[in-house]
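Order of listing sets the numbers, starting from 1, for every ligand and every atom in it. Numbering of residues begins at 1 and proceeds along the displayed sequence.
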Amino acid sequence: MMRVGLIGAGFIGRNHFNQYERLGGRAKVVALCDKEADRRSGDWSKVGGNIADTQGTRRDLGGIRQYAEWKKLLKDSEVDMVDICVPTYLHAQIAMAALKAGKHVLSEKPMALNVRDCNKMLAVAAESPGKFMIAQCIRFWPECVWLKEAVDDKRFGELKALHLRRQASTPTYSEGNWIQNPELSGGAILDLHVHDVDYALFMLGKPRWVCAQTYQRTGGGYDRVHALWQYRPDLVVQLEGFWDMFPAYSFNMGFTARFENAAVVFDLVGGKPLTVQKPDGSIETPPMRPDDGYFNEICYFLDCIERNEAPRVSTPAESRDAVAIALAEVKSALTGKVVAIK
Ligand SMILES: NC(=O)c1ccc[n+]([C@@H]2O[C@H](COP(=O)([O-])OP(=O)(O)OC[C@H]3O[C@@H](n4cnc5c(N)ncnc54)[C@H](O)[C@@H]3O)[C@@H](O)[C@H]2O)c1
């Protein structure tokens with residue numbers, strides 16, 4: 001059984017905790033760290049987020065060791081794997097320390113706030129015995145896995161156009177409002193839009209160049225981006241990410257993929273299934289794999305540890321590339337020029 005030390009019991013830490021509870025004997029949270037006393041003791045009534053917690057806001061953490069400081073959790077010899085769910089500006093520091101302490105490390109996206117820190121993390125991981133993966137949940141999201149398979153096996157012919165979208169109201173739930181400080185979160189581009197940057201990389205590899213336009217409307221850094229990625233002249237790839245909407249606006253992630261012989265549409269909002277429309281007008285709703293990307297990414301990381309294999313579905317180098325390309329979009333927006341991707 002994998003003994004997990006979870007650092008950060010906020011929105012996504014609570015979500016991961018719920019996933020481990022579903023894993024039965026395969027993995028168990030044995031230690032929990034949060035700087036806030038109520039959160040590390042299982043009172044999650046003040047934890048918010050853009051996806052509701054259906055399991056209630058209080059947990060009995062009897063038997064789970066509680067730490068106020070992450071450095072102390074890393075010294076716990078009965079922790080095999082560390083799951084890092086703290087604000088983004090802490091990812092690099094904690095991940096490197098955990099790897100140096102000999103732990104397996106799953107760390108939330110984005111990998112870090114800049115490419116320099118990502119490269120430092122890669123260097124430490126290369127010298128460390130533990131497995132390392134960034135929790136890029138979209139690579140494991142059933143509809144997104146399905147679309148990548150359709151692109152790869154060309155069941156509908158070539159992909160001709162792709163629109164990835166991630167749309168939200170301005171986040172107000174983070175502890176101390178760190179998320180609206182771009183120096184701590186990277187703003188909407190590194191916090192929200194990076195999911196689609198990473199997914200496009202997963203599906204199509206690196207583009208030749210990107211161009212983008214961004215907006216700052218809410219005072220929390222860039223809170224909207226519209227980008228075009230160039231691969232080849234007969235493929236249009238458009239990515240849209242924003243969190244500048246009013247509070248009542250429901251969170252949505254989705255895509256429209258135009259293939260030679262089909263149009264595939266998915267939007268999370270409203271709970272509608274992914275649809276495939278054929279040129280003759282017929283519509284199919286193919287069955288999806290069970291479970292969401294959060295559960296699936298954790299299961300995959302555990303697979304890798306159990307098989308003693310480095311993660312391949314999502315590599316830390318690709319997560320670094322996602323940060324680099326997201327920042328290239330910002331550069332494009334600032335300069336008004338396309339930015340070549342190496
Ligand atoms: N994969 C996803 O879909 C997804 C969704 C949300 C957030 N995230 C990522 O997860 C990370 C956390 O985001 P969140 O929404 O859970 O934020 P949050 O503010 O809800 O939770 C962060 C938690 O970390 C704790 N914390 C802060 N500093 C700490 C420290 N020094 N030591 C111990 N605990 C500390 C806070 O008290 C809080 O409980 C971010 O990097 C974010 O980008 C990913």
Q.
Once you restrict to heavy atoms under 4.0 Å, what part of Cys85 touches ligand 1? Side chain, backbone, both or neither.
A. backbone

Q) Quick one: does Val313's side chain get under 4.5 Å of Phe202's, heavy atoms only? A) yes

Q: Determine whether the side chain, the backbone, both or neither of Glu108 has a heavy atom under 4.0 Å from any heavy atom of ligand 1.
A: side chain

(Q) If I apply the N/O under 3.5 Å rule, does Arg39 come out as touching ligand 1? (A) yes

Q.
Using a plain distance cutoff, I'd like to know if Ala68 has any nitrogen or oxygen under 3.5 Å from a nitrogen or oxygen of ligand 1.
A. no

Q. Do the two ring centres, one from Tyr215 and one from Tyr222, sit under 6.0 Å apart?
A. no

Q) Does any N/O atom on Trp70 come nearer than 3.5 Å to any N/O atom on ligand 1? A) no

Q. Going by the angle between their ring planes, with limits at 30° and 60°, are His16 and Tyr294 parallel, tilted or perpendicular?
A. tilted

**Q.** Sub-3.5 Å N/O-N/O distance, Ile12 and ligand 1
**A.** yes

Q: Examine the proximity of ligand 1 to Asn15 and report which part, side chain or backbone, both or neither, has a heavy atom under 4.0 Å away.
A: neither

Q | Asp198: which of Arg320, Lys109, Arg139 passes salt bridge (charged side-chain N to carboxylate O under 4.0 Å, His left out) | A | Arg139

**Q.** Heavy-atom side-chain contact between Pro316 and Met121 under 4.5 Å
**A.** no

Q. Do any nitrogen or oxygen atoms of Asp34 lie less than 3.5 angstrom from nitrogen or oxygen atoms of ligand 1?
A. yes

Q | Per-residue contact class, Lys109 against ligand 1 - non-hydrogen pairs under 4.0 Å | A | both

Q. If you measure from each non-hydrogen atom of Cys137 to ligand 1, which part falls under 4.0 Å: side chain, backbone, both or neither?
A. side chain

Q) To the nearest 0.5 Å, how far apart are CD in Glu284 and CG in Leu274? A) 10.5 Å

Q. Side chain or backbone of Ser185 under 4.0 Å from ligand 1, or both, or neither, by non-hydrogen atoms?
A. neither

Q.
With a 4.0 Å cut-off on heavy atoms, is Arg40 in contact with ligand 1?
A. no

Q: Quick one: look at Asp191 and ligand 1, take heavy-atom pairs under 4.0 Å, and tell me if it's side chain, backbone, both or neither.
A: side chain

Q. Which class fits the ring pair Trp146 and Phe156: parallel under 30°, tilted 30 to 60°, perpendicular over 60°?
A. tilted

